[in-house]
Structure formats: structure tokens, C-alpha cells
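Every value quoted in this text rests on a predicted model; they were computed, and no experiment measured them.
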2 protein chains.
Amino acid sequence: MTIKTDHRHLYLQVIDRLKDDIAKGVFKEKEKLPSEFELAKSLGISRATLREALRLLEEENVIVRRHGVGTFVNSKPVFTSGIEHLTSISSMIRKAGMEPGTIYLSSMEALSSEDDIKRFHCEIDESVITIERVRTANGEPVVYCVDKVPAKYLPSDFLSRQEGSIFTAIEESGEIRVTYAVTFIDPTGYHEVASPILECEPETALLVLKQLHYNDKDQVVLYSKNYFRADKFSFHVVRKRV
Amino acid sequence: MTIKTDHRHLYLQVIDRLKDDIAKGVFKEKEKLPSEFELAKSLGISRATLREALRLLEEENVIVRRHGVGTFVNSKPVFTSGIEHLTSISSMIRKAGMEPGTIYLSSMEALSSEDDIKRFHCEIDESVITIERVRTANGEPVVYCVDKVPAKYLPSDFLSRQEGSIFTAIEESGEIRVTYAVTFIDPTGYHEVASPILECEPETALLVLKQLHYNDKDQVVLYSKNYFRADKFSFHVVRKRV
DNA sequence: TTTACATCAGATGTCTGATCTCTTCTGTTG
DNA sequence: CAACAGAAGAGATCAGACATCTGATGTAAA
């Protein structure tokens with residue numbers, strides 16, 4: 001029994017536990033999973049709860065269940081870093097085996113523009129913070145980021161910090177949690193601002209991801225525009241038949 | 001009672017039924033859903049089965065459940081046409097209010113190349129069909145498509161048809177069903193083959209989607225490379241926090 | 001009047017244990 | 001050897017109970 005009691009729902013903890021076990025190799029590819037009855041017993045939970053977890057793992061393509069046969073671990077834990085998962089740029093760079101870095105270009109605070117009001121559904125006299133940064137991989141510039149966030153969502157001392165993740169700063173108070181984002185994908189050839197900053201030739205294509213980050217109340221809390229060097233980054237998506 | 005008995009699992013039928021009801025407006029936005037007990041009773045199923053369906057609907061963001069409060073219909077059925085759903089180019093064009101068309105450039109049948117063998121896990125002497133087409137919207141070229149598919153997956157008379165969806169042709173026999181695809185997103189500036197075909201200037205950016213289509217046995221049955229005019233198409237993704 | 005606390009009803013979360021149905025294996029029979 | 005019947009094991013579904021959370025309401029104290 002751990003000190004820190006996990007207050008999240010049980011089936012979510014079970015999902016994490018099973019994913020961990022699969023990742024650690026406790027359960028190997030194909031076959032392997034014990035029957036629901038045994039698995040529930042060994043996890044110390046009821047079969048009903050285990051089944052809720054299994055159903056979601058099946059939906060995520062982590063496992064496959066066959067009536068009357070058993071539950072199987074799906075090999076290929078590949079696509080998990082696809083664009084449909086919201087991950088930070090830092091972790092993407094780190095996963096590629098390189099060291100992420102950040103160069104702050106500018107921060108400014110201004111009253112909300114017409115676009116801001118539309119985006120954030122905020123008041124006309126609200127303060128909105130705009131931050132420009134360049135993300136680097138092993139010291140080389142790879143992404144140019146422009147982030148906009150209403151000042152009320154950030155700690156008051158944020159502008160003076162000049163470092164740290166905006167994401168983390170927003171969630172710092174504990175009142176806001178970014179749960180999902182809608183990303184618009186937009187290829188660009190030469191971009192007069194981004195291309196020089198990223199030190200790339202005019203013929204190097206850029207991929208622009210415009211993202212609206214939402215909290216659990218479906219309010220936009222962060223708008224970011226990221227210019228990726230297409231020759232350095234690769235994105236993929238798993239598309240499901242509907 | 002309908003004649004055709006539905007042999008799919010019960011919880012899947014329940015999901016469809018609930019989605020239908022929401023679409024039809026039987027259950028309106030927010031609030032509305034009866035308690036699990038009542039809903040199960042009115043659907044003639046057990047609460048456990050209903051809960052399996054509800055859990056998946058929650059995962060799909062169709063509903064929201066709050067412990068001790070109730071189950072609510074999530075408004076905004078918006079983003080459903082995002083890139084994470086596998087839809088045909090025709091339907092994308094039609095949804096934009098334009099008339100889709102197809103121009104066949106070439107079809108050829110050849111023995112598998114080294115790449116083909118790697119992609120399809122096929123034999124070295126197998127026949128692979130390559131089809132080049134241009135998709136049009138209101139007569140204007142917007143997408144250049146190169147599709148590759150092992151001949152064994154297609155009806156023998158396919159090459160002589162010169163029309164119809166490759167997708168449909170593959171599934172025609174009833175033995176194969178494409179269940180999902182993995183799409184790699186790749187922006188390009190000028191492309192020496194695609195750009196002239198799409199009649200676009202060198203500075204018009206292209207978005208290349210390379211897709212591996214899988215059947216339910218996780219075999220690659222179709223590889224397609226689609227060049228979209230970036231000024232005509234827009235893609236978006238809903239990214240979930242993990 | 002306002003605030004704080006206790007209580008309660010109703011909803012989802014979890015558990016137990018049983019039955020139903022599907023798939024696979026195995027042994028019998030012709 | 002093939003066809004069929006049965007058994008065993010697994011997931012699918014069911015029925016009902018209890019646990020826990022949330023929101024509303026009533027009541028007493030400030």
C-alpha cells in the first residue's frame with residue numbers, strides 16, 4: 001500500500017497498471033493475458049471493474065479480445081506518439097534522442113485584440129500575453145513558437161521568469177488543466193518571419209500547427225502557433241474507419 | 001423486432017442506438033440523459049452492459065459523466081471530420097459543397113519492388129498494381145494520388161474498369177475490410193511531378209499524406225500517397241492529453 | 001439575515017456471483 | 001478418416017447489492 005492514495009477512479013488506475021505491465025514485458029506480445037477471472041483476482045479488483053479497463057484498452061488498440069478465446073496483447077506499441085496525442089515539443093525532441101532547449105525572443109502584454117476576444121471569449125479590456133520563442137534540438141533551431149494566453153490564466157510573475165513551460169505555468173495554480181487541443185495543420189513554403197529564424201533556405205518547407213488548447217470546461221486557455229522545420233520533424237496519425 | 005438479427009455485441013448496438021437518439025434529438029444538449037438505472041430499464045438491458053456503452057461514448061466525447069450527478073450529452077458534434085477519421089477524398093470534397101471528379105492518368109501492373117515487399121510483406125514474384133489519378137473539385141485539380149495495392153486484393157477486371165473507388169474495389173469481395181490507416185504528414189514546397197499536375201505555382205505549398213491502410217488482421221492492403229493543394233484543403237486533429 | 005453544518009436523496013462507482021454464449025479441443029462413432 | 005457430440009475455458013450479459021460522491025435542503029449558530 002502506497003502512502004499517496006490515488007483518488008482517480010479505479011478503472012483508470014487499472015489501465016495504467018496494465019499498460020505499465022505490458023511495457024515492462026510482464027505480459028508479452030500476443031496471447032499471454034490471464035483470464036478475466038484470474039486477472040481480476042490477482043489485481044485485487046472485481047471483474048466488472050477490470051472489464052471497464054479492458055474495454056477501453058481494446059478501444060485504444062492495446063489489446064484484442066475474442067469471445068470464448070481470450071484477451072491478447074496487441075504487439076506494435078508503435079503509434080503511441082502520433083499527433084493525436086498531446087505531447088510537449090520538449091518530449092518530442094527528447095524522444096528523438098536530442099537535447100531540447102529554448103530561446104526567448106520576446107514577451108509582451110497587451111489588451112485583447114478582436115481575434116483574441118473571438119478565440120478566448122474574453123472581455124474587451126482583458127490583458128493577453130504573447131510569447132515568442134525558438135525551440136532548439138542540440139542547439140539547432142527547429143521550431144518557432146508564438147503563444148497567446150489571457151493574463152488571468154498565468155501567475156503574475158510569469159513574464160519576469162523568462163523560462164519554463166507555459167503549459168506547466170497555466171496548470172500551476174491547480175485550477176486549470178488542459179485536457180485536449182484542436183490542431184490545424186497547415187503547410188507553408190517560405191515564411192518571412194519563421195524561415196529566417198529557423199535558419200532554413202527558402203525551399204525548406206515548414207509545417208504550421210495552430211493549436212487551440214482547451215480546459216475541462218471547454219474554454220480556450222492557450223492559443224499557440226508552431227512552425228516546424230519539415231526536414232527535422234515528422235508527424236503521423238492513426239486514422240480509424242467510422 | 002426486426003427480421004435481421006444483429007449479431008454484433010450488444011454494447012455496440014447500444015452505442016449506435018444512443019448516438020442515433022442523440023442525433024435525432026431524443027436527448028438534447030446538456031443534462032437530459034435519464035439515470036443509468038432508468039435508461040437500462042427502458043432499453044431492456046442490464047446496467048452493466050449500458051455502462052460499457054456509456055464508458056466508450058464518454059471516451060469518444062459524446063457524453064460526460066459526473067459521479068453523483070448524472071450523465072450529460074456533450075454538445076458540439078463538431079470536430080468529427082478531423083483527420084483522425086478515415087474518410088474518402090470524395091466525401092471531403094462533397095462536404096465542402098463541391099462536386100468531386102476523377103481523372104485517370106495511368107494504371108500499371110508490375111512485379112513487386114523491394115519497397116513493396118517491405119510494405120505489404122508480400123512475395124518477391126507477386127504482382128502489384130500502381131494507379132495514378134487526379135481528383136478534382138468542380139473540375140479543378142486539387143489532389144494527386146498514387147495508389148499501390150497487391151493484385152491479389154483487387155478483382156481481376158479492375159484495371160479495365162478505369163473508374164470507381166479503389167477502397168470499394170478492395171472490399172468488394174467481402175473478404176477484406178479496411179479498418180484503419182496510419183497517415184504520415186509531410187509538407188512539401190514545390191514537387192516536380194505533383195505541382196504541374198495540380199496546376200499550381202512553385203510557391204504553393206503541398207501537403208503530402210502517405211497512408212498505410214490496414215485490414216482487421218493488421219496487414220497492409222493499400223499504400224497511397226496523396227498530394228493535396230494546401231490552399232484548397234485544411235486538416236485538423238483533436239489531440240488528447242495522455 | 002447570514003453563515004455553517006448536518007442530513008438526505010439520487011446519481012455514478014464498485015463489487016459479487018451467477019448464467020449465457022462462443023470457441024476450441026477432444027474423444028467417440030460410423 | 002471424417003463427422004459429430006460433449007466438455008472445458010473464456011468472454012458477454014445479467015441481477016442485485018453496497019459504497020461513495022454531489023447537490024439541495026433544512027436547521028442551528030453567529
Pair B:Glu36 + B:Arg65, salt bridge at N-O below 4.0 Å: yes
- prompt: Between A:Thr49 and C:dT14, does any side-chain N or O lie under 4.0 Å from OP1 or OP2?
  reply: no
query: Between C:dC15, D:dT13, C:dT24, which nucleotide has the shortest distance from any of its atoms to the side chain of A:Arg47?
result: D:dT13
- prompt: In whole Å, what is the span from the NE2 atom of B:His9 to the P atom of D:dT13?
  reply: 6 Å
query: To the nearest angstrom, how far is B:Glu52 atom CD from C:dT14 atom P?
result: 14 Å
field: For atom CD of B:Glu36 and atom C1' of C:dT14, their distance in whole Å
entry: 11 Å
- prompt: Can you check whether B:Ser46 has a side-chain N or O nearer than 4.0 Å to OP1 or OP2 of D:dT13?
  reply: no
- prompt: Is B:Asp147 salt-bridged to B:Arg133, cutoff N-O under 4.0 Å?
  reply: yes
- request: Nearest whole angstrom, please: distance from the P of D:dA12 to the CG of B:Leu56.
  value: 12 Å
query: Counting side-chain heavy atoms from CB outward, which of D:dA12, C:dG13, C:dT14 is closest to A:Tyr11?
result: C:dT14
message: What's the closest nucleotide to the side chain of B:Leu10 if the choices are D:dT13, D:dA12, D:dT22?
response: D:dT13
message: Measure CD1/B:Ile15 against C1'/D:dT13 and give the value in whole Å, please.
response: 15 Å
field: Given D:dC14, D:dG11, D:dA12, the nucleotide with the shortest approach to the side chain of A:Thr71
entry: D:dG11
query: Do B:Tyr223 and B:Phe120 make the cut of ring centroids closer than 6.0 angstrom?
result: no
- prompt: Aromatic rings A:His213 and A:Phe167: how do their planes relate, parallel, tilted or perpendicular, breaks at 30° and 60°?
  reply: perpendicular
query: Pick the nucleotide of DNA chain C nearest each of A:Gly68 and B:Arg66; which residue has the one closer to the 5' end?
result: B:Arg66
- prompt: Between atom CG in B:Leu50 and atom P in D:dG16, what is the gap in whole Å?
  reply: 16 Å
query: More than 12 heavy atoms of other residues, nucleotides or ligands under 6.0 Å from NZ of A:Lys152: is that the case?
result: yes
- prompt: Does a distance-only test, which skips hydrogens and angles, find a donor-acceptor pair under 3.5 Å between the side chain of B:His67 and the base of D:dT20?
  reply: yes
statement: Rounded to whole Å, the CZ-C1' distance (A:Phe37 to C:dC20) equals 17 Å
query: Between A:Arg51 and C:dT14, is there a side-chain N or O to OP1/OP2 distance below 4.0 Å?
result: no
- request: May I have the distance from A:Lys41 (atom NZ) to D:dG9 (atom P), rounded to whole angstrom?
  value: 14 Å
